[in-house]
Amino acid sequence: MSNLLEVRDLKKYYYLGKGAGKEQSGVVRAVDGINLTVKKCETLGLVGESGCGKSSAGRVILCLLPATAGEILYEGQNIEQLSHHQLLPYRRKMQIIFQDQAGSLNPQLTIGNALGEPLLVHRLIREKKELKAKVEHLLELVGLCPDHMCRYPHELSGGQRQRIALARALALNPQLIVCDEPVSALDLSIQAQIINLLKELQQKCGLAYIFIAHDLRVVKHISDRIAVMYLGKIVELADKESLYSRAKHPYTQTLLSSIPRLAPSVPRQPIIFSGDLPSPLCSPAGCHFHTRCPHAFVRCTIEEPLLQTVDFGHTVACHLLDR
Amino acid sequence: MYFFQRSVFLCKVVIMLADILLEIIKLKTKFKTHHGAVKAADGIDLTVHKKEILGILGESGCGKSVTALSIMRLIPSPPGEIHADKMEFNGVELQSLTEKQMSKVRGNDISMIFQEPLSALNPAFTIGEQLIEVLMLHQKLDRNAAYHRAIEALNLVQIPSATKRLADYPHQFSGGMRQRVMLAMACACAPSLLIADEPTTALDVTVQAQILELLRQLQSEMNMAIMLITHDLGLVAEIAQRVVVMYAGVVVENATVLNLFVRPLHPYTQGLLASLPLLEAERERLNVIPGGVPNMLNLPSGCRFHPRCPHCWQICRQQEPPLFPQNGSEVRCWLFARETNK
């Protein structure tokens, strides 16, 4: 299958303290040279601890933030270089939904207006009647009834608001949706509803997802392939079966072992880190992970490991593989 | 097999004989609003045994935090109103205490940690000042003794270079470290009950594992009971011994952690367990509990769960079920009344 999206050596740096009369005091390398591909109708999971750059990566891929370096190829076209106007047709194909559903909906717009806005902005609708029918169709698609049209966001529950956010993303018939922690703010029983809906819509509308999350259970359920990020870099990328059964990188192994299991009768020993995620302002030299890695040796502190293929479609960045 | 049954029996006897630390009967907490009274907790029965980790599981708005705050008498009144038939802690009726006596109980006997450690710590004071204040107030120590105890407390929660870090402000700590500081503060006076309200929800999984390990250690070292409030089934499976499941202001199931995960009784608990993506196996579609949590101002008649329940029958719509005992568990569902009647 052809690649819908390809990201080559993407970097996003934030410069601190740079501004009127101020010297630059530091660089946060939020995304530091990542390579990704997303195929049509595929879900790519992006996991990592908070501050590892997964949200930044999602936003840069959609050109919501300018990239510091690298290429973003959408169906072969580098969209990173395009002007605002040239980008418009691509914006239609790539949408995003956020974690904070209340914050991403304008409280002053009714649901009908919020859903109609993208259609009007992109001039896909000419008549009012058409607009109403289209909005009704969208609401139906996400499992809400048409009379939600004249309600305001505060009248809806969290799960319903997330459905609206999804409907708005779907309004322009996109091919790719970046889901930035779409279910982490929802209650358990609602979470399952939204996850099922995401999966259904993927089949119905032929969507590809980049699914950013920190909940490894949910990511496993929804993704085809999963990329694990640590301090701006991808440390392991594999399809979900090999990642969850044969994780190679010590970081992935730790992440997986720290998920609480649902079987209270089985005693288990999670790998427990000493210390926290290092500050992205001064990420460690060599392998970024060596400060917390139980297997670190001299080479890890000096040389940065490169991603190497260990299995078909399974790449890992770790010096242990050469040992 | 015989020995297994025997040991299970003995365990039960031990649990029954074990001292009850906190016993609550029919706790009702109401909030007066413009739209009417919201019964956030509507007749909660709860017991916490000594040295036990009790998980309180529920979705947002089910009244689990309100229950904890009511125990601590931290609900502002008005608009809140707390009433219980019994709220006995270590043989003392908490409701009969004056405000002054109650503030002695808080911190000394019952401590609490919250979800968001940054908003629970005062940003304008160093954590040393805040820890020392707690110790001077509750343990009547002088400043010097309190200072040394504060260092001990930080060492206990495994904060490296404790002496130096006493002079740091909360913003200089990471999320996991802040939660450790909160724990140090809560455990500084060796309470017999620690209420942890979603202590790891704001943390990453790796840090969550650290905090859980620490909680477990503290619990066994200091012999305290922990009441862990959470919405995370995994967390409960990991650490709790007994679980109370809450729904819309009432307890719907009360069981040991093994029973709850192996044989969940209440349809709500069953639904929750089935809606979770599995790590071990594949689930094509997640099971869904239809609908949403009811509006607390406008609760359904009869059983609060009946509009979402797959097993709903006539009586469920009319009458609210009591807690039925069932194989050592308790469950608030008419399905089990039918079985006992037979």
Side-chain angles (χ1 to χ4, degrees), chain A residues 47-52 143 156-160 183-197 199-200 214-222 240-241 244-245 251 254-279 292, chain B residues 57-62 158 160 173-177 200 202-210 212-214 231-241 243 256-262 268 271-280 282-293 295 308:
Chain A
V47 297
E49 288 173 279
S50 48
C52 74
L156 304 178
S157 68
Q160 285 172 328
V183 294
S184 22
L186 302 175
D187 268 321
L188 204 57
S189 62
I190 311 299
Q191 202 172 339
Q193 293 175 4
I194 299 292
I195 293 170
N196 282 346
L197 180 67
K199 278 198 132 181
E200 260 165 43
H214 66 270
D215 185 334
L216 290 140
R217 271 175 201 287
V218 173
V219 171
K220 176 174 185 232
H221 180 76
I222 201 160
K240 68 172 163 191
E241 277 80 25
Y244 279 77
S245 55
Y251 179 61
T254 316
L255 272 186
L256 292 177
S257 90
S258 36
I259 316 170
R261 295 297 191 274
L262 288 180
S265 49
V266 189
R268 63 183 199 96
Q269 206 56 54
I271 311 169
I272 289 183
F273 275 146
S274 48
D276 291 316
L277 193 75
S279 157
R292 299 166 88 190
Chain B
L57 189 73
E59 294 180 280
S60 50
C62 73
Q158 295 152 20
F173 287 80
S174 68
M177 283 295 168
T200 60
L203 304 175
D204 280 313
V205 270
T206 53
V207 183
Q208 168 172 312
Q210 293 173 2
L212 282 189
E213 190 56 39
L214 183 64
H231 66 272
D232 188 339
L233 281 160
L235 210 63
V236 164
E238 190 92 330
I239 193 168
Q241 285 141 12
V243 188
T256 63
V257 74
L258 266 175
N259 277 342
L260 191 88
F261 282 88
V262 179
Y268 175 62
L272 278 188
L273 276 171
S275 68
L276 214 61
L278 289 182
L279 281 179
E280 299 77 16
E282 202 64 14
R283 266 179 182 163
E284 197 35 56
R285 253 185 83 83
L286 297 177
N287 172 63
V288 160
I289 304 178
V293 183
N295 181 349
R308 304 174 79 188

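The analysis underlying the following values was restricted to heavy atoms, covering all of them including side chains, and did not include hydrogens, waters or symmetry mates. None of the values given here were measured: they were computed from a predicted structure.
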**OP:** Grab the two heavy atoms, one from A:Ile190 and one from B:Gly292, that are nearest each other, plus how far apart they are.
**Re:** CD1-CA, 4.2 Å

**OP:** Measure distances from A:Ile222 to the heavy atoms of chain B and classify the residue's part below 4.5 Å as side chain, backbone, both or neither.
**Re:** neither

**OP:** Without swapping roles, check the side chain of A:Asp187 against the backbone of B:Ser60 for a donor-acceptor pair under 3.5 Å.
**Re:** yes

Subject >> B:Asp232, B:Ile289, B:Leu57, B:Leu272 screened by side chain to side chain contact (heavy atoms under 4.5 Å, CB included) with A:Leu188, the one that passes >> reply: B:Leu272

**OP:** Starting from the C-alpha separation in whole Å, work towards a yes-or-no answer on side-chain contact (heavy atoms from CB on, under 4.5 Å) for B:Leu278 and A:Leu262.
**Re:** CA-CA 9 Å; B:Leu278 289 182; A:Leu262 288 180; 4.3 Å; yes

**OP:** Specify which of A:Ser50, A:Ser257, A:Gly159, A:Ser157 makes the most heavy-atom pairs with chain B at under 4.5 Å.
**Re:** A:Ser50

Original post:
Who wins among B:Pro277, B:Gly291, B:Ala209 for the most heavy-atom pairs under 4.5 Å with chain A?
Top reply: B:Pro277

Original post:
Among B:Leu286, B:Thr206, B:Leu276, which residue forms the greatest number of heavy-atom pairs with chain A at distances under 4.5 Å?
Top reply: B:Leu286

Original post:
Rounded to the nearest 0.5 Å, how far does CD1 of A:Ile195 lie from CZ of B:Arg285?
Top reply: 11.5 Å

**OP:** Kindly say whether A:Ser189 contributes a backbone atom to a donor-acceptor pair with the side chain of B:Glu59 at under 3.5 angstrom?
**Re:** yes

Original post:
Can you tell which of A:Gly48, A:Pro260, A:Gly158 has the highest number of heavy-atom pairs within less than 4.5 Å of chain B?
Top reply: A:Pro260

**OP:** Check whether B:Gln158 gets within reach of chain A through its side chain, its backbone, both or neither, counting any heavy atom under 4.5 Å.
**Re:** neither

Original post:
For B:Pro290, is it the side chain, the backbone, both, or neither that has a heavy atom closer than 4.5 Å to a heavy atom of chain A?
Top reply: backbone

**OP:** Supply the atom-to-atom distance B:Gln208 CD to A:His214 NE2, rounded to the nearest 0.5 angstrom.
**Re:** 8.5 Å

**OP:** Pick whichever of A:Gln191, A:Glu200, A:Lys240, A:Gln193 has the most heavy-atom pairs under 4.5 Å with chain B.
**Re:** A:Gln193

